[in-house]
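Data first, discussion second: the structure below is written as structure tokens.
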Amino acid sequence: MIYLDYAATTPMRKEVLHAFQEAAKKYYGNPSSLHDIGTEANEALELCREQLAGTIQGNKDGVYFTSGGSESNILAIRSLIEANRKKGNHLITTDAEHSSVHNLFKQLEEEGYEVTYLSVDGGGQIDLADFQNALRKDTILASIHHGNSEIGAVQPILEIGKILKEHQIIFHTDCVQSYGKVPIDVNQNYIDSLSVSSHKIYGPKGIGMCYINPRVNWKSQYKGTTHEKGFRPGTVDVPSILAFTAAAQMMHQEMEGQRRRDLHLRMKLVNGLKELSNQFVVEGNDDMDKQLPHIVGLSFLQAQGQYIMLECNRYGLAVSTGSACQVGQQSPSRTMLSMGKTVDDAKQLIRISFGKMTTEEQITQTIQTIGKVLKTLQKINLSQLNWL
Ligand SMILES: Cc1ncc(COP(=O)(O)O)c(C=O)c1O
């Protein structure tokens with residue numbers, strides 16, 4: 001099977017697995033325990049906090065460990081808005097966020113907050129003039145993702161950060177897809193809070209980080225919790241954190257080289273597909289400064305993404321539709337809807353995402369496989385696809 005779904009999750013790399021095994025043997029102590037075994041685990045934990053803070057030019061006091069991207073988003077946003085509620089009742093986000101953010105904002109509306117949902121343009125980016133217009137005196141926080149999980153578009157976080165800083169509005173950004181792929185500097189971009197997930201960067205699943213600028217107030221969601229200064233309850237998983245830190249460091253060391261490889265693979269894939277067919281559109285941005293090159297969103301004009309994805313799977317190629325789906329019932333991509341596409345068009349998306357282990361040969365085979373799928377499509381009567 002060729003795996004081209006690295007944006008969904010990545011396999012743990014062998015060095016990280018080794019780091020995990022060693023850490024599990026050596027640092028099994030509870031970092032909250034006062035004896036030497038606990039103290040050693042705590043020292044290792046604090047070193048990881050410092051090293052991870054260094055990857056975003058942040059302060060170690062702002063690093064909180066969580067179960068991953070979703071929990072980081074939820075806890076960061078809730079903790080920040082509740083601590084700053086006196087400022088008002090208004091929040092801003094986009095309607096192209098990951099479901100963990102989107103569902104939270106829907107819930108917050110039910111709880112009485114007013115939310116402005118910004119749409120994205122044809123390249124997947126928000127319009128900065130729309131964004132400026134959405135700001136209000138009572139806006140507490142804006143949550144705008146960095147890299148889009150469905151099509152890989154990158155938001156202009158520097159411009160967004162500057163505008164929010166001028167208006168003293170808290171800036172949270174979901175960096176789950178962009179972390180380790182492009183440099184992120186919390187100070188330069190005026191980021192108050194961000195989310196990262198270990199399993200997207202060849203680290204273990206079930207661990208992630210939330211960064212909150214130590215100068216920004218937040219309110220614990222768990223009364224009486226002492227772990228992670230009250231940010232998240234539960235004994236901290238030091239071995240997973242050590243493995244996550246090792247993965248993060250390797251990602252940052254290899255970032256530039258990997259980006260060059262990803263750009264090359266993207267070009268090879270897109271050009272190869274163009275030679276086969278003109279029945280698809282490459283979603284996202286043509287300008288690679290505004291795009292994560294390893295995420296390729298493709299809309300096939302003749303069929304739903306789910307059909308293409310399942311057919312690719314039959315031929316041994318693992319890709320994704322980018323959005324949650326169940327057999328026979330694909331939900332439209334929220335990013336595509338936000339771009340102004342119809343519901344039918346928003347169901348045509350598939351997402352191909354490469355990673356460290358992707359080879360040129362695999363891209364060649366991918367082009368051939370998609371070619372076969374498109375050929376079968378031409379043969380069948382499209383009315384047979386109504387069930388999709
Ligand atoms: C942009 C984005 N945010 C958040 C998440 C959730 O991360 P996790 O799986 O660690 O909860 C994902 C996962 O796909 C994502 O792509």
Side-chain angles (χ1 to χ4, degrees), residues 3-12 16 52 56 63-78 93-107 118 120 124-126 142-155 157 160 171-182 184 191 193-211 231-232 234 237 240-241 243-245 247-248 251 283-284 291-292 294-297 309 318-325 331 333-336 338 349-355:
Y3 185 73
L4 289 185
D5 200 10
Y6 287 81
T9 195
T10 57
M12 265 170 88
V16 171
L52 286 168
I56 50 169
V63 172
Y64 301 94
F65 292 107
T66 66
S67 67
S70 305
E71 191 180 42
S72 294
N73 282 330
I74 295 164
L75 287 182
I77 294 167
R78 276 207 179 273
T93 189
T94 77
D95 39 26
E97 299 294 315
H98 181 258
S99 56
S100 57
V101 175
H102 181 78
N103 295 340
L104 173 64
F105 277 101
K106 290 289 166 195
Q107 172 68 31
L118 299 169
V120 295
Q125 292 199 306
I126 61 163
S143 179
I144 316 276
H145 63 279
H146 190 198
N148 180 278
S149 57
E150 294 184 306
I151 60 166
V154 174
Q155 299 298 335
I157 54 165
I160 294 169
F171 180 21
H172 172 75
T173 179
D174 177 347
C175 293
V176 166
Q177 291 294 348
S178 58
Y179 180 78
K181 317 285 170 29
V182 290
I184 299 168
I191 295 168
S193 158
L194 63 74
S195 308
V196 169
S197 178
S198 152
H199 74 93
K200 308 282 186 186
I201 58 162
Y202 311 92
K205 298 184 182 22
I207 194 82
M209 134 175 121
C210 175
Y211 181 79
F231 192 73
R232 180 183 185 247
D237 181 351
S240 291
I241 290 167
F244 166 33
T245 308
M251 283 301 281
E283 304 294 350
Q291 176 69 33
L292 296 172
H294 71 290
I295 300 183
V296 188
M309 185 270 277
V319 299
S320 136
T321 56
S323 57
C325 62
S331 47
S333 147
R334 260 190 295 100
T335 305
M336 298 269 283
S338 180
L349 185 70
I350 70 160
R351 178 186 68 187
I352 295 181
S353 48
F354 343 114

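One-based numbering, in listed order, for ligands and for the atoms of each.
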message = Just to verify, what does Tyr202 make a ring-ring contact (aromatic ring centres under 6.0 Å, His included) with, not counting sequence neighbours?
response =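 In terms of ring-ring contact (aromatic ring centres under 6.0 Å, His included), with neighbours along the sequence ignored, Tyr202 is linked to no residue.
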
task = Under the salt bridge (charged side-chain N to carboxylate O under 4.0 Å, His left out) rule, collect the residues that match up with Asp5, sequence neighbours excluded.
result =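 Asp5 satisfies salt bridge (charged side-chain N to carboxylate O under 4.0 Å, His left out) with Arg351 once adjacent residues are dropped.
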
task = Just jot down the side chain to side chain donor-acceptor pair (under 3.5 Å) partners of Lys106, sequence neighbours excluded, or say none.
result =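 Side chain to side chain donor-acceptor pair (under 3.5 Å) check on Lys106 returns nothing, list empty.
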
ask   = Hey, which residues fall under 4.0 Å of ligand 1 on heavy atoms?
value =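 Ligand 1 is contacted, at a heavy-atom distance under 4.0 Å, by Gly68, Gly69, Ser70, Asn73, His98, Ser149, Asp174, Val176, Gln177, Ser197, His199, Lys200.
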
query = Does any non-hydrogen side-chain atom of Phe65 lie less than 4.5 Å from one of Leu52?
reply =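 Yes, close enough: below the 4.5 Å cut-off.
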
ask   = Is the shortest heavy-atom distance from the side chain of Val154 to the side chain of Val182 under 4.5 Å?
value =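 Not touching, per the 4.5 Å side-chain cut-off.
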
inquiry  = For Met251 versus Ile201, what's the shortest heavy-atom pair and its separation?
reply    =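 For Met251 and Ile201, the tightest heavy-atom pair comes out as CG-CB, 3.6 Å.
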
